[in-house]
Q: 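Pasting a structure here, questions to come.
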Amino acid sequence: MEVFFELIGDAESLRTVCEQLSKEPVLGFDTETTELDPYLGELRLVQFSTGKRSVIIDIRRFGSDPRANRDLEPLRELIESERTVKVAHNSKFDAKWVRHHLGCEVGGIFDSYLASQLIAAGESDRRHSLADVVQFFIGTELDKTQQVSDWSADELSQLQLEYAARDAAILVPLYTQLKERLEADGLTRVAELEFNAVMPVTDMELTGFYLDAARWRENIEAIRQERDRVADELQEMLSAGVSQSSLFGRPEINLDSQAQVHDALSNLGIPVPESTRASVLEPLAEEHPPVAKLLEYRGLQKSLTSFGENFLEFIHPKTGRVHSDFRQIGAPTGRFSCSNPNLQQIPHETAYRRCFHAGAGKTLIVADYSQIELRILAEFSGDTNFIGAFQSGVDFHAAAAAQVFNVRAEDVSPDQRSFAKRLNFGVVYGLGAARFAAMTGLSQAEAEGTLRKYFATYPDLDGYLRKSGDSALRTRLARTASGRLLKLRYDENDRAAAGAARRFATNMPIQGTSADILKRALRLIHDELRGTSGKLVNIVHDEIVLECDEADSTSVSEKLKTAMVSAAREFVKAVPIDVDVAISPDWTK
DNA sequence: GTGAAGGGCCAC
DNA sequence: AAACGTGGCCCTTCAC
């Protein structure tokens, strides 16, 4: 296919072409860069295409500091304009470069990567690279060989420029196809929600989260010493079951090998089940000291390997901060996932969390939704008693315990509250009696009885969960409040698979609506933070962390709370929403 | 040496 | 007969 393009490298033609392009309703939008990291590389090209006409802007021709170059103002206006839809594939990438190197936001985002993920609706075998999406929705091959070519050469080759133009041009027909499919599948609202969340996520990744390396190292050192001591004691205990085979002390067992540890424990006469995971070992720990020691070792070792020295490698040499990768549709439910490093799995202990703190003169605002998934479940079920437990305004689990066990709120025993709490969390996931018995120590019959009592207290909750599961299995579809879609695939002859599919499909609308709410909140707070010192630094499913000037902490925290409550209100009408906000020097509460 | 699978465990 | 949902990262093991 022959590709036509205009190469723009001077102020006058840039002004002219931007004025013409700004009249277009839809433009393909792409960038070429010399690196993958916007803090390390150069934004070389910005491309637009109407599908017929493609324009390549060579940013290098506008000097080494494009942020400061007034000649690029028409370009910034075009990029920021909400009137012209910008179709980009994984727009977060382009938005980061534009944000950092041109100093503007991208307005009117339509992201073909996110759109393709929404349409795939959880079908995991679908791929979402631009080439894959083009192949699937248009049916043509896209040559990506130039993607990794050298974009730092002063004279770009004809091949490179054609590639750059073609990548932008293909996005327009792709947009037509994707838009049609989004509408046909009832995904317009959720698509809007996703596209509006791209800029907040872009800014959050660029800002990064400050991690105090010195504090982190102190923590590691203390744990390492503890780990070495415990490992030694454990080796000693395990070798008691083995005949002395060497003059040089006991044979070493690899404590990280399940197989070796399993054998060693068996040799000591400890009846270890096939699995050696913590939940099956815990009941044995009291009677058998080596098992207790193993669990202690595992905890320390996990800390050291997942949250040890390696974590510090993620501190960026230029910014001194950690810039994780947030995948906006990381799970089929619509939840984010996070990697390199995963800031959504930092242990709760203060020792870790206090290493993430605000810079000098700054403070963190840490806000999270209280019981958001249970409130969503209450909303969906419409169950009067369940909603009533939230409306009572007191401790929810205690209120539920009072209802389930039919006692006055002030007479709820700690045990009753604990049962209610575990049931409340469990029902969201489709908890069964066997599992409930295992985690509480109740007999199977007692567990069944308690579950029955629970659902008798909340008959409409019971009804909702059954109906929701039935309908999902029948239609093989589930949706969240924003319309996010999940296609279920399972073998109906496989009972276990069908059971898992039911639990997944019942949980998805709840977990997914929580994700919808968070994404809506991200957009609202992003808009509210313009012109303030506030910046997003982290999100963890139902939690948002901001950093701002100490002087602004009160006003920013109020903005955050308002945004989060408003976002939830768009989806949850009948149940009160509660957001806990803390102003804190570090990521503790 | 590299990569996938499986076990294990951190978060919500 | 019966496994409570979603992720990422680490390690060992095993195949290539």
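Only heavy atoms go into these numbers, but all of them, side chains included; no hydrogens, no water, no symmetry mates. What you see is a predicted model, and the numbers here were worked out from it, not measured in a lab. Per chain, numbering begins at 1; letters A, B, ... match sequence-line order.
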Q: Which part of the nucleic acid does I346(A) contact within heavy-atom distance under 4.0 Å: base, sugar-phosphate only, or nothing?
A: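 Sugar-phosphate contact only.
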Q: Whole angstrom is fine here: how far is it from CG in L377(A) over to C1' in dC4(C)?
A: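 For the pair L377(A) CG and dC4(C) C1', the rounded distance is 14 Å.
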Q: Is any side-chain N of the basic residue among K96(A) and E205(A) closer than 4.0 Å to the acidic one's carboxylate O?
A: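 Yes.
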Q: Provide the distance between the two C1' atoms, one in dA3(C) and one in dG8(B), to the nearest whole Å.
A: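 Per the computed distance, 16 Å lies between those C1' atoms.
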Q: Can you check whether H348(A) has a side-chain N or O nearer than 4.0 Å to OP1 or OP2 of dC12(B)?
A: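 So the side-chain polar atoms of H348(A) do come within 4.0 Å of the phosphate oxygens OP1 or OP2 of dC12(B), strictly under.
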Q: For dG7(C) and R335(A) - does any side-chain N or O of the residue sit under 4.0 Å from the phosphate oxygens OP1/OP2?
A: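 R335(A) to dG7(C) OP1/OP2: no side-chain N or O under 4.0 Å.
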Q: Write down the distance between CD (E543(A)) and P (dC10(B)), rounded to a whole number of angstrom.
A: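 For the pair E543(A) CD and dC10(B) P, the rounded distance is 18 Å.
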Q: Which is true for G426(A) with a 4.0 Å heavy-atom rule: it touches a base, it touches only sugar-phosphate, or it touches nothing?
A: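 Base contact - G426(A) has a heavy atom under 4.0 Å of at least one base atom.
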Q: Measure from the side chain of V540(A), starting at C-beta and using heavy atoms only, and say which of dG8(C), dC12(B), dC4(C) lies closest.
A: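 Nearest listed nucleotide: dC12(B).
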Q: Quick one: which of dC9(B), dC12(B), dG7(C) gets closest to the side chain of A331(A)?
A: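 The nucleotide sitting nearest to the side chain is dG7(C).
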Q: Would you classify R298(A) as touching base, sugar-phosphate or nothing, given that sugar-phosphate means primed atoms plus P, OP1 and OP2, and contacts are heavy atoms under 4.0 Å?
A: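 Answer is sugar-phosphate: R298(A) comes under 4.0 Å of backbone atoms only.
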Q: Strictly under 3.5 Å: I want the nitrogen or oxygen pairs between protein and nucleotides 13-16 of chain C, one per line.
A:
residue : atom : partner : partner atom : Å
dT13(C) : OP1  : S257(A) : OG           : 2.7

Q: Does a side chain donor of either N196(A) or H526(A) reach within less than 3.5 Å of an acceptor in the other side chain?
A: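 Judged by distance alone, the side chains do not pair up.
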Q: Checking all strands, does R353(A) fall into the base, sugar-phosphate, or nothing category for heavy-atom contacts under 4.0 angstrom?
A: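 Counting heavy atoms under 4.0 Å across all strands, the contact made by R353(A) is with sugar-phosphate only.
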Q: As a test of reading the structure: which of dC11(C), dG8(C), dG5(C) is closest to the side chain of R327(A), going by heavy atoms?
A: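 Nearest listed nucleotide: dG8(C).
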Q: Is the NZ or CZ atom of R523(A) positioned over F195(A)'s six-membered ring, under 6.0 angstrom from the centre and within 45° of the axis?
A: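 Here R523(A) fails the 6.0 Å and 45° test against F195(A).
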Q: Among dG5(C), dC11(C), dG8(C), find the nucleotide with the atom closest to the side chain of D256(A).
A: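 My answer, after comparing the listed nucleotides, is dC11(C).
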Q: dG8(C), OP1 or OP2 - any side-chain N/O from N340(A) closer than 4.0 Å?
A: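 For N340(A), the contact criterion (side-chain N or O under 4.0 Å from OP1 or OP2 of dG8(C)) is not met.
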Q: Any luck finding a side-chain donor-acceptor pair between Y297(A) and D256(A) under 3.5 Å?
A: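 Per modelled atom types, Y297(A) and D256(A) side chains form a pair under 3.5 Å.
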Q: One thing to verify: whether R353(A) and E349(A) come together as a salt bridge, which I'm taking to mean a side-chain N less than 4.0 angstrom from a carboxylate O.
A: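 Between R353(A) and E349(A) there is no salt bridge, as every charged N stays at least 4.0 Å from the carboxylate O atoms.
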Q: Which nucleotide sits closest to the side chain of H541(A): dG5(C), dC12(B), dC10(B)?
A: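 Selected nucleotide: dC12(B).
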Q: Please classify the nucleic acid contact of M439(A) as base, sugar-phosphate, or nothing, using heavy-atom distances under 4.0 Å.
A: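 Base contact.
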Q: Between R466(A) and D470(A), does any NZ, NE, NH1 or NH2 come within less than 4.0 Å of an OD or OE carboxylate oxygen?
A: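 So D470(A) does not pair with R466(A) through a salt bridge.
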Q: Rounded to the Å, how far apart are L486(A) CG and dG5(C) C1'?
A: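 Nearest whole value for this atom pair: 12 Å.
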Q: On DNA chain C, check which nucleotide each of A496(A) and F504(A) is closest to and give me the residue with the more 5' one.
A: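 Mapping each residue to its closest nucleotide by heavy atoms, the 5'-most match is A496(A).
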Q: Counting heavy atoms from C-beta on, name the nucleotide in dC10(C), dC12(B), dT6(C) closest to the side chain of S306(A).
A: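 Nearest nucleotide to the side chain: dC10(C).
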Q: Looking at dC10(C), dC9(C), dA11(B), which one has an atom nearest to any side-chain atom of S339(A)?
A: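 Of all the options, the side chain of S339(A) is nearest to dC9(C).
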Q: On DNA chain C, does the nearest nucleotide to A500(A) precede the nearest nucleotide to Q444(A) from the 5' side, or the other way round? Give the residue.
A: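 Taking each residue's closest nucleotide, the earlier one in sequence belongs to Q444(A).
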Q: Can you tell me how far P of dC12(B) sits from CG of N538(A), to the nearest Å?
A: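 These atoms are roughly 11 Å apart.
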Q: Return the value, rounded to whole Å, for the distance between atom CD of E313(A) and atom C1' of dC10(C).
A: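 It works out to 14 Å between those atoms.
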Q: Of the listed nucleotides (dC4(C), dC10(B), dC12(B)), which one gets closest to any side-chain atom of Q345(A)?
A: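 Nearest nucleotide to the side chain: dC10(B).
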Q: Start with the C-alpha distance between D212(A) and H357(A), add both sets of side-chain angles, then the distance that settles side chain to side chain donor-acceptor pair (under 3.5 Å), and finish with yes or no.
A: CA-CA 7 Å; D212(A) 188 327; H357(A) 61 82; 2.8 Å; yes
Q: For F336(A), does the six-membered ring have the charged nitrogen or CZ of K519(A) within the cation-pi criterion, i.e. under 6.0 angstrom from the centroid and within 45° of the normal?
A: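 Relative to the ring axis of F336(A), which defines the angle, K519(A) lies inside both limits.
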Q: Using OP1 and OP2 only, check whether a side-chain N or O of S337(A) sits under 4.0 Å from dG8(C).
A: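 For S337(A), the contact criterion (side-chain N or O under 4.0 Å from OP1 or OP2 of dG8(C)) is met.
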Q: Given dC10(B), dC10(C), dG8(C), which nucleotide is nearest the side-chain atoms of N342(A)?
A: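 That would be dG8(C).
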Q: Starting from P on dC9(B), measure out to CZ on R227(A) and report it in whole angstrom.
A: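 In whole Å, dC9(B) P lies 16 Å from R227(A) CZ.
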Q: In whole Å, I'd like the distance from the CZ atom of R484(A) to the P atom of dG5(C).
A: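 After rounding, the gap between these two atoms is 20 Å.
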Q: Could you state the OH-C1' distance from Y352(A) to dA11(B), rounded to the nearest angstrom?
A: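 Between C1' of dA11(B) and OH of Y352(A): 13 Å.
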Q: Check E547(A) with K535(A), please: is the shortest side-chain N to carboxylate O separation under 4.0 Å?
A: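 Looking at K535(A) and E547(A), the cut-off is not met.
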Q: When you check the phosphate oxygens OP1 and OP2 of dA2(C), does a side-chain N or O of R435(A) lie under 4.0 Å from one of them?
A: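 For R435(A), the contact criterion (side-chain N or O under 4.0 Å from OP1 or OP2 of dA2(C)) is not met.
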